[in-house]
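The first residue of the sequence shown is numbered 1, and numbering continues consecutively from there.
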Amino acid sequence: MSGTRRRPPQRGSSGSRAAAGRGRRRRTGVRKRWIDYPRAGRTGPRRWLPSWRQVAASFLFCVGAVAAAVGYAYATITIPDPNPKALLQNNVYYWSDGSVLATDGSVNRENVTLAQVPADVQGDFIAAENASFYTDPGIDPQGIARALVHMAEGGNVQSGSTITQQFVKNTYLDQSQTLSRKFKEVLISAKIGASMSKQQILQGYLNTCYFGRQANGIQAAARVYYGLPVEKLSVSQGAFLAAAVNEPSLIQYADTDPTARARAQARWSWVLDRMVKTGKLTERQRSRVAAAGFPTPRKWAPGSGLTGQTGYLVQLARSYAQAHDPGITDSGLSRGGYQIHTTFDRKRTAELAKAVAKVRTERLDPAHRTADRNVQVGAASVDPATGRILAVYGGPGYQQAHYSDNADTSGVPVGSTFKPVVLASALQYGAVLKPGTPPAPITPSSKFDGDDGIQIKDRQGNYVTDDKDPTGLLHQHNDTTHRWGYISLRTAMEQSVNTPYVQLGEDVGYGDVARTAKTLGLRPESLAAPSAGFYIGTSTPSAIRMAGAYATFAASGMQADPYSVTKVTHNGSVLPGFTAPAPVRALPAAVADNVTDVLRGVIARGTGTKAQALGRTAAGKTGTTDDYRSAWFIGYTRQLATSVVLFKEDPAHPQLQSLAGVGGLQKVFGGDIPTEIWTRYMRDALSGLPDLPFPTPASLGAGSNEPGMPSPKPSPTRKHADRPGKRPTATVTPKPGQQPTPTKCHAHKCR
């Protein structure tokens with residue numbers, strides 16, 4: 001035996017290590033987990049406290065999850081269509097001088113381009129709302145956080161939104177204050193900021209802001225607060241409007257409420273300070289603005305837009321625009337965006353309304369005289385050279401629930417004011433004085449039977465019938481039984497004798513008279529059917545159309561269709577189809593000028609002598625209808641043609657009533673109240689303009705007389721009484737105290 005010993009196993013062997021591992025597992029009692037929470041090997045509260053590694057991991061996980069969610073939302077969200085209400089605008093109507101006549105529409109907004117907004121005014125809004133507008137991506141997290149802190153501390157409500165966010169809220173979203181809406185606002189703002197230019201965003205923002213006083217957008221605000229287009233706003237006024245955006249419900253009353261004014265003034269001053277801080281104004285400029293004082297807005301009268309004559313003017317322009325462009329529909333107008341430039345003269349419209357009011361006050365007393373109630377006036381004034389409708393009087397106004405435009409209403413017979421149409425037709429086409437013969441020439445000196453109650457023959461020589469006459473035949477009447485005998489057409493016009501013009505009309509023929517009426521601008525649908533009464537005014541053209549017809553006489557036969565709109569734009573684009581109508585030859589100059597010469601006699605020595613108070617060269621014609629249901633005066637100078645109609649209608653029973661007793665008069669004639677209104681208006685409307693003579697009428701040659709006229713007896717005083725172009729030296733005049741003779745036709749109830 002060698003004598004050596006065997007050594008025992010060492011503890012460092014593998015068996016010993018395994019045993020040690022088993023011992024540790026026995027001590028902990030658990031296996032290692034992916035997320036060690038609650039924490040193993042800890043007891044008490046420490047078991048529930050996460051480690052710093054767990055905190056960091058959780059934070060990074062949340063940030064990543066939020067970033068992923070936001071990224072996904074940003075990638076999937078789309079810019080929605082604008083809210084329908086955000087697209088609504090008003091329609092703006094302009095006087096002929098370019099000032100605003102009225103606006104209409106459910107939303108008071110008129111969009112403008114950014115180029116129309118002065119740079120200083122743009123600077124006001126940027127300084128007040130979003131100084132970093134041109135550099136930020138469309139959202140401002142710091143601003144949102146700052147606004148939240150400010151509100152938490154009890155300060156004033158602040159939006160914390162950029163101009164881009166406010167544009168998105170106004171245009172694409174609603175005004176609700178929810179987290180989901182705010183989240184959408186931020187995401188859409190980021191997309192808008194990446195897809196639209198800053199200029200487009202600022203323009204959209206300025207057009208969609210609400211400023212109070214029912215004004216949406218900066219153009220509406222400029223008009224309602226300062227009566228100016230946005231292009232003329234000053235930096236000071238722009239600062240006020242920038243202040244109004246912040247608190248519109250209060251600042252809108254800065255014209256009358258001391259609290260609102262103080263708040264507006266403080267905010268206005270703050271905006272100017274911000275302008276200096278952001279480099280938009282220098283200190284010197286700021287001082288000059290302050291020295292000029294706070295730009296107090298003008299008085300606000302809610303709901304006063306379509307009062308007085310405004311409603312009728314808007315209605316007239318709107319109808320004209322729709323008639324000349326089928327694309328301008330009611331639904332399109334309800335969405336707005338139209339700018340309609342009219343022919344209406346602001347000064348003359350006011351003068352016409354003033355003349356009507358003055359005469360009504362002086363002549364009518366509805367409180368004490370029953371006959372004076374429900375008396376209506378309509379009037380229209382037209383430029384003879386162009387056809388521009390310069391003024392209308394449509395009634396007492398929409399504010400009195402009178403919506404029918406008396407100046408544009410067809411339904412009131414024109415009476416003897418139609419006689420010049422018959423005369424013009426006779427001078428141009430002649431008259432068949434004997435059956436089977438060609439038309440004979442007619443001049444103002446041609447003589448016809450003017451006696452009352454005569455029988456009328458047609459062109460075939462047959463007596464005109466009348467079912468209401470016991471004899472079955474028409475016996476044409478005048479207003480009096482005065483025996484005129486055979487008188488010239490000139491004298492018959494001056495004294496408004498009916499019988500010569502009824503017979504003349506029958507001799508000329510309905511076709512030619514109606515053709516002349518149409519060439520003068522009277523609408524076919526307003527012309528009465530063939531009858532004896534047609535020639536003395538049973539037709540019912542509007543006051544506007546009658547003024548246009550007489551304007552043709554004033555323009556020596558050149559007819560310019562009356563029109564009320566010169567230009568229409570929609571969202572800044574000019575629409576075609578509104579070129580002014582070109583004047584056309586409607587009558588030979590010799591015919592028109594001879595008619596004018598005759599109508600001058602109506603004012604000089606006939607039924608229209610009250611118009612002499614005008615003190616100018618003028619021509620015109622009175623008209624009165626059966627039972628005095630309407631009374632007219634239509635007159636003109638070279639520069640202006642105006643028609644005035646008086647009638648009576650109970651709103652509860654829309655039919656014409658007799659004017660008898662109105663103004664305390666037993667009979668109401670066109671030569672009375674209507675002529676007085678015409679004269680007052682024309683005196684003011686023509687103030688400052690020269691008194692222009694009418695052209696000397698050319699001779700029409702020898703005229704023919706109605707068959708049966710006795711041979712004239714020599715009379716030195718009447719030798720040249722009815723020569724064309726010369727005033728008669730002696731005329732047949734009514735007896736002292738005798739009323740002018742209105743037209744009267746038994747068969748058709750027309751005088």
If you define the side chain from C-beta out and look only at heavy atoms, does anything of [X] sit under 4.5 Å from [Y]?
X: Asn207; Y: Gln89; result: no
X: Val314; Y: Leu306; result: yes
X: Thr343; Y: Val565; result: no

In sequence, state the C-alpha distance, the side-chain angles, and the governing distance for Thr296 and Arg261, and then conclude on side chain to side chain donor-acceptor pair (under 3.5 Å). CA-CA 8 Å; Thr296 304; Arg261 181 183 174 90; 2.8 Å; yes
Taking every non-hydrogen atom, the tightest pair across [X] and [Y]:
X: Phe578; Y: Asp325; value: CZ-CB, 4.0 Å
X: Arg298; Y: Val224; value: NE-O, 3.7 Å
X: Gln166; Y: Ser161; value: NE2-O, 3.5 Å
X: Ala131; Y: Arg274; value: CB-NH2, 3.4 Å
X: Glu231; Y: Pro118; value: O-CG, 3.7 Å
X: Ala385; Y: Ala560; value: O-CB, 4.3 Å

Mark yes or no for whether [X], through its side chain, and [Y], through its backbone, hold a donor-acceptor pair below 3.5 Å.
X: Gln400; Y: Gly397; value: no
X: Asn91; Y: Leu333; value: yes
X: Gln309; Y: Gly395; value: yes

Determine the sole option in Tyr253, Phe240, Phe211 for which the ring-ring contact (aromatic ring centres under 6.0 Å, His included) test with Tyr225 is passed. Phe240
Between [X] and [Y], do the side chains contain an N or O donor and an N or O acceptor separated by less than 3.5 Å?
X: Asn216; Y: Asn108; answer: no
X: Thr642; Y: Arg348; answer: no
X: Asn406; Y: Gln376; answer: yes
X: Ser96; Y: Arg388; answer: no
X: Ser236; Y: Trp268; answer: yes
X: Gln322; Y: Asp330; answer: yes

What distance do [X] atom [atom1] and [Y] atom [atom2] have between them, rounded to the nearest 0.5 Å?
X: Gln285; Y: Leu272; atom1: CD; atom2: CG; answer: 11.0 Å
X: Gln639; Y: Met682; atom1: CD; atom2: CE; answer: 8.0 Å
X: Leu390; Y: Thr349; atom1: CG; atom2: OG1; answer: 8.0 Å
X: Gln219; Y: Arg109; atom1: CD; atom2: CZ; answer: 12.5 Å
X: Ile251; Y: Asp255; atom1: CD1; atom2: CG; answer: 12.5 Å
X: Thr164; Y: Asn130; atom1: OG1; atom2: CG; answer: 6.5 Å

I'd like to know if [X] pairs up with [Y] as an ion pair, taking the criterion as any Lys NZ or Arg NE/NH1/NH2 lying under 4.0 Å from an Asp or Glu carboxylate oxygen.
X: Arg267; Y: Glu129; value: yes
X: Arg683; Y: Glu351; value: no
X: Arg286; Y: Asp273; value: yes
X: Asp97; Y: Lys347; value: no
X: Asp257; Y: Arg263; value: no

So with a 6.0 Å cut-off around CZ of Arg523, is the heavy-atom count from everything else above 12? no
My understanding is that only residues two or more places apart in sequence, or in another chain, count here; which of them pass ring-ring contact (aromatic ring centres under 6.0 Å, His included) with His402? none
Which residues pass the side-chain contact (heavy atoms from CB on, under 4.5 Å) test with Gln200, sequence neighbours left out?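 Gln200 satisfies side-chain contact (heavy atoms from CB on, under 4.5 Å) with Met196, Ser197 only.
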List for me each residue that meets side-chain contact (heavy atoms from CB on, under 4.5 Å) alongside Leu202, sequence neighbours excluded, and say none if there are none.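 Once residues adjacent in sequence are excluded, the partners of Leu202 under the side-chain contact (heavy atoms from CB on, under 4.5 Å) criterion are Leu114, Gln122, Ile126, Phe133, Tyr134, Ile163, Tyr205, Leu206.
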Using 30° and 60° as the class boundaries, would you call the ring planes of Tyr398 and Tyr312 parallel, tilted or perpendicular?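 Tyr398 and Tyr312: perpendicular rings.
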